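For reference, the structure discussed in these notes is given below.
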Amino acid sequence: MSETPETVAEQAAEVAAAVTADSGTSLQTIVDAINGVVWSPALIYTCLAAGLFFSIMTRFVQLRLFKEMIRLLFSGGASDRGVSSFQALAVSLSGRVGTGNIAGVAAAIGFGGPGAVFWMWVVAFLGASTAYVESTLAQIYKEEHEGQYRGGPAFYIEKATGQKWYGILFAVATILACGVLLPTVQSNAIGNAVDLAFGSGDMIDTALGTISSAKIITGAVVVMILGFIIFGGLKRIAKFAEFVVPFMALSYIIVACVVLVLNIDQVPAVISMILGDAFSPMAGVGAAIGWGVKRGVYSNEAGQGTGPHAAAAAEVQHPAQQGLVQAFSVYIDTLFVCSATAFMILISGAYNVHGEGGFLVQNLAATVDANSPAFTQHAIESVFPGVGEPFVAVALFFFAFTTILAYYYIAETNVSYVLRTIKIPGAFFILKVIMMFAVFYGSVKAATLAWGLGDIGVGLMAWLNIVGIIIIFFIAKPAIKALRDYEAQRKAGVEEYDFDPKALEIKNADLWEKKQSES
């Protein structure tokens with residue numbers, strides 16, 4: 001391919017400049033209307049119900065096999081065709097640990113009150129079982145494509161249900177979500193955080209409106225780096241994520257722990273506030289549950305259908321192993337990172353709570369956007385003056401950037417799936433250009449618009465994936481059969497696990513059938 005990442009970045013910037021300045025208001029109205037349909041109470045309670053259902057069906061695998069999850073995390077290795085379990089977890093976490101953990105938690109508190117944090121915990125605990133199911137399905141029905149493992153909901157929906165049209169529908173929705181809508185949220189958070197921490201206040205009149213010079217520069221830099229990495233494929237993305245995600249997540253959690261230790265006397269009161277507000281919330285029951293579930297799903301992605309793509313790429317002895325590793329990633333994301341953010345915000349009092357008639361709680365200026373990382377930056381700044389804002393900006397850059405990379409990989413996987421049926425010349429190049437434009441556009445636009453676009457992407461994927469895995473359960477129960485088989489071998493004390501789909505009456509697991517015949 002003759003195009004360089006720099007050329008693609010220039011093209012993305014030119015497309016961005018062609019967008020009219022007054023499009024934001026009308027687009028925001030359209031986005032809000034669509035979200036009202038996609039994120040209706042039906043989806044919120046479907047996410048909770050699916051998590052509870054699969055928790056019961058797996059006999060609460062997220063509790064029973066917790067120690068096994070940790071053991072599997074560091075076992076096994078990579079191959080020419082697949083990445084290691086830890087690399088797959090890192091790629092998955094790069095999609096999970098991002099803006100949702102910093103700005104998303106702030107939005108949940110800002111619009112749902114402190115009680116929304118409790119519902120984020122609930123959706124994480126129940127969602128761990130959903131993550132097991134969807135990631136195990138991805139392993140069972142994965143394929144080998146150009147020397148690398150590929151898979152995800154589109155693949156397992158087609159193979160397990162026989163409904164190819166549903167698989168294509170999910171793939172198209174995922175390309176739209178991960179290639180266009182969700183990257184805007186991540187780049188927007190980067191732009192806002194950098195502007196707050198390092199911005200000079202200089203504004204520039206552009207075709208997109210009057211924009212901070214810091215946001216424009218940040219958007220251009222992110223697009224350039226993105227172009228360089230996404231031309232390197234999954235292996236480069238996996239290696240980058242394997243190094244960056246654990247380091248940044250650990251650094252962020254250490255800072256959060258320091259904040260908690262320095263304010264240890266306030267922790268019991270904060271826990272009491274979260275639990276008390278969960279059932280008699282200041283923002284209303286619907287607001288607390290709705291925002292808690294919405295931001296919980298956005299953060300940990302359990303049931304959304306993004307995690308299975310990384311899970312399918314892993315080299316493991318048994319499909320259930322990667323399902324367990326991916327279930328553990330939900331704990332890391334929500335119970336560790338999201339909780340750290342929530343506690344910092346609530347302990348410092350660096351938050352507002354919005355109500356229909358105005359602010360229910362106002363500790364910060366009315367101009368502080370609850371959809372931005374500002375709550376978190378103010379919280380750390382209150383303990384580490386002069387350090388909090390830049391630290392969050394840097395952490396958010398790495399969190400959000402690795403999430404954008406994960407989104408590209410997911411979108412690329414689904415483009416590959418669609419191309420098996422519909423031939424589109426230059427499809428991958430088109431995806432790169434569109435995604436780079438989305439990243440630049442998100443970095444300079446309003447946070448409310450960016451989050452609205454992201455919520456549409458999450459909602460569409462969640463609807464299609466959750467319905468799909470429930471249908472698959474009632475057709476064949478492949479993920480449950482795999483779990484029982486794995487536990488039986490574990491009880492027997494085998495040294496090397498084996499997976500025979502035919503013996504378990506699981507059809508169309510072609511790659512595993514081939515491995516079984518060769519062994």
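Quantities reported herein were computed from a predicted structural model and do not represent experimental measurements.
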Would you call the rings of Phe118 and Trp121 parallel, tilted or perpendicular if under 30° counts as parallel and over 60° as perpendicular?
->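 Taking Trp121 first and then Phe118, their aromatic rings stand perpendicular (interplane angle over 60°).
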From [atom1] ([X]) to [atom2] ([Y]), nearest 0.5 Å:
X      : Y      : atom1 : atom2 : answer
Gln139 : Gln326 : CD    : CD    : 9.0 Å
Ile469 : Leu464 : CD1   : CG    : 12.0 Å
Asn465 : Ile157 : CG    : CD1   : 6.0 Å
Ile480 : Leu504 : CD1   : CG    : 12.5 Å
Ile472 : Thr161 : CD1   : OG1   : 6.0 Å
Ile404 : Met436 : CD1   : CE    : 10.5 Å

Could you tell me whether Lys477 atom NZ has more than 12 heavy atoms of other residues or ligands within 6.0 Å of it?
->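 Count over threshold, so yes.
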Is there side-chain contact between [X] and [Y], with at least one heavy-atom pair below 4.5 Å?
X      : Y      : answer
Leu126 : Thr130 : no
His318 : Trp512 : no
Tyr141 : Ile506 : yes
Asn508 : Glu513 : no
Glu134 : Pro308 : yes
Leu181 : Leu176 : yes
Pro478 : Phe473 : no
Thr218 : Phe397 : no

Between Glu158 and Arg420, does at least one N-O distance fall below 4.0 Å, as a salt bridge requires?
-> yes
Charged N to carboxylate O under 4.0 angstrom, Lys515 versus Glu315?
->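 Salt bridge: yes.
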Test log, rule side chain to side chain contact (heavy atoms under 4.5 Å, CB included), inputs Ser339 and Met120 | CA-CA 9 Å; Ser339 294; Met120 290 186 74; over 6 Å; no
Looking at every non-hydrogen atom in both residues, tell me the closest pair between [X] and [Y] and how far apart they are.
X      : Y      : value
Ala479 : Tyr132 : O-OH, 2.9 Å
Val38  : Gly459 : CG1-CA, 3.4 Å
Leu43  : Ala462 : CD1-CB, 4.2 Å
Trp119 : Ala278 : NE1-O, 3.2 Å
Cys178 : Pro183 : O-CG, 3.2 Å
Ala128 : Ala327 : O-CB, 3.3 Å

Is it true that a side-chain atom of [X] and a backbone atom of [Y] form a donor plus acceptor pair closer than 3.5 Å?
X      : Y      : value
Thr136 : Val133 : no
Lys507 : Pro501 : no
Ser187 : Val439 : yes
Asn188 : Gly442 : yes

Could you go step by step and tell me if Met435 and Val180 meet the side chain to side chain contact (heavy atoms under 4.5 Å, CB included) rule?
-> CA-CA 6 Å; Met435 187 168 189; Val180 182; over 6 Å; no
Between Gln148 and Glu144, a side-chain donor and acceptor under 3.5 Å =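 Checked: Gln148/Glu144 side chains show no N/O donor-acceptor pair below 3.5 Å.
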Lys432 and Tyr408: side chain donor to acceptor below 3.5 Å |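 Short answer, yes.
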Identify, with sequence neighbours excluded, every residue that meets side chain to side chain donor-acceptor pair (under 3.5 Å) alongside Gln163.
->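 Residues passing side chain to side chain donor-acceptor pair (under 3.5 Å) with Gln163: Trp165.
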Could you go through the side chain to side chain contact (heavy atoms under 4.5 Å, CB included) check for Asn414 and His309 one step at a time?
-> CA-CA 9 Å; Asn414 284 276; His309 295 88; 2.9 Å; yes
Can you name the ring-ring contact (aromatic ring centres under 6.0 Å, His included) partners of [X], sequence neighbours left out?
X      : answer
Tyr497 : Tyr486
Phe125 : none
Tyr417 : Phe155

Which pairs count as salt bridge (charged side-chain N to carboxylate O under 4.0 Å, His left out) when at least one residue sits in residues 38-66, sequence neighbours excluded?
-> Arg59-Glu487, Arg64-Glu487
Result block: side-chain N/O donor-acceptor pairs under 3.5 angstrom for residues 51-58, not counting sequence neighbours:
residue	atom	partner	partner atom	Å
Ser55	OG	Gly51	O	2.7
Ser55	OG	Gln62	NE2	3.0
Ser55	OG	Ser129	OG	3.0
Thr58	OG1	Phe54	O	2.7
Thr58	OG1	Ser55	O	3.3
Thr58	OG1	Val61	N	3.4

Would you sort out whether Asp498 and Gln489 count as a side-chain hydrogen bond (donor to acceptor under 3.5 Å, both in side chains), showing the intermediate values?
-> CA-CA 8 Å; Asp498 177 71; Gln489 293 185 52; 5.4 Å; no
Just checking, Lys142 and Tyr149: is the charged tip under 6.0 Å from the six-membered ring centre and within 45° of the axis?
-> yes
Residue pair Leu182, Gln304: steps toward the side chain to side chain contact (heavy atoms under 4.5 Å, CB included) verdict | CA-CA 12 Å; Leu182 288 168; Gln304 181 185 327; 3.8 Å; yes
